[in-house]
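Read the structure below first, then the notes.
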Amino acid sequence: MRILPVLSVLLAVLALGACGGDDDRDAKNAYVAQVNAAQTEFASTVTTVSQRITPRSSSAQDRKTLEGFESAIDDVVSKLRDIKVPGDVEAEHKQLVDAMTGFGADIKTATVALRNPDTRSIADAQRGIATATQTVNSRIDAAIAAINSKLGAK
């Protein structure tokens, strides 16, 4: 899944580029550190969970794996919501949270589809996950670019 490295784009540009007064720079650096910590934990969890999906796993096992993804997404959303966000990137941070929240909803839909699996529901779930991943990646890319632009330009 490409989602793993996407959030980490936020790193160095902000930590090095956050200018302004010391308090302003410290707040921005704290924000970046917290977003990165949430992303790192999310990436670790998703990596662990994704290793459970194999060509031989049953739909019940895959459903349990997707539930693990849901949990990881819920956790990162909660952490992102708890972060003290610099005022100049509140809207962009909300875009990031909304992207992850939407991804969670899409994964939940796929999980539900696997409760009574048949060939069609499995195919629908696979397509749904692929589409959701592409969508969340582009939404996260846009949010991070906007955050980088605003915080890096100060």
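When reading the values below, keep in mind they use all heavy atoms of this one structure, side chains included, and skip hydrogens, waters and symmetry mates.
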State which residues pass side chain to side chain contact (heavy atoms under 4.5 Å, CB included) with Gln126; sequence neighbours excluded, sorted by chain then number.
-> Ile122
Does Asn116 CG have over 12 foreign heavy atoms under 6.0 Å away?
-> no
When you check the gap from the basic side-chain N to the acidic O, do Asp88 and Lys28 get nearer than 4.0 Å?
-> yes
Test Asp118 against Ser121 for side-chain hydrogen bond (donor to acceptor under 3.5 Å, both in side chains), laying out the working first.
-> CA-CA 5 Å; Asp118 58 27; Ser121 66; 3.2 Å; yes
Flag the pair Ile73 / Phe42 as yes when at least one side-chain heavy-atom distance between them is below 4.5 Å, and no otherwise.
-> yes
Is there side-chain contact between Ile140 and Met100, with at least one heavy-atom pair below 4.5 Å?
-> yes
Residue pair Leu114 / Glu67, side-chain heavy-atom distance below 4.5 Å | no
Which atom names give the shortest non-hydrogen contact between Ala125 and Ala113, and what distance separates them?
-> CB-CB, 4.3 Å
Non-neighbouring partners of Gln95 that pass side chain to side chain donor-acceptor pair (under 3.5 Å), sequence neighbours left out = none
Looking only at heavy atoms, the pair that brings Ala143 and Glu92 closest together is CB-O, 3.8 Å
Quick one: NZ on Lys150 to CD on Glu90, what's the gap to the nearest 0.5 Å?
-> 9.5 Å
With rounding to the nearest 0.5 Å, note down the distance linking CD in Glu41 to CG in Asp75.
-> 6.5 Å
Spatial distance of atom CZ (Arg81) from atom NZ (Lys94) [nearest 0.5 Å] | 8.5 Å
Side chain to side chain donor-acceptor pair (under 3.5 Å) partners for Gln61, two or more places apart | Ser58
Check whether any side-chain heavy atom of His93 lies under 4.5 Å from a side-chain heavy atom of Leu80, and answer yes or no.
-> yes
Looking at side-chain heavy atoms only, is the closest gap between Val89 and Tyr31 below 4.5 Å?
-> yes
Nearest 0.5 Å, what's the CG-OG1 distance between Leu66 and Thr109?
-> 11.0 Å
Closest heavy-atom pair and its distance - Lys84, Gln34 = N-OE1, 3.8 Å
CZ-OG1 distance between Arg139 and Thr101, expressed to the nearest 0.5 angstrom | 8.5 Å
Are any of the side-chain heavy atoms of Ile129 and Phe69 separated by less than 4.5 Å?
-> no
Less than 4.0 Å between a side-chain N and a carboxylate O, is that true for Asp124 and Arg127?
-> yes
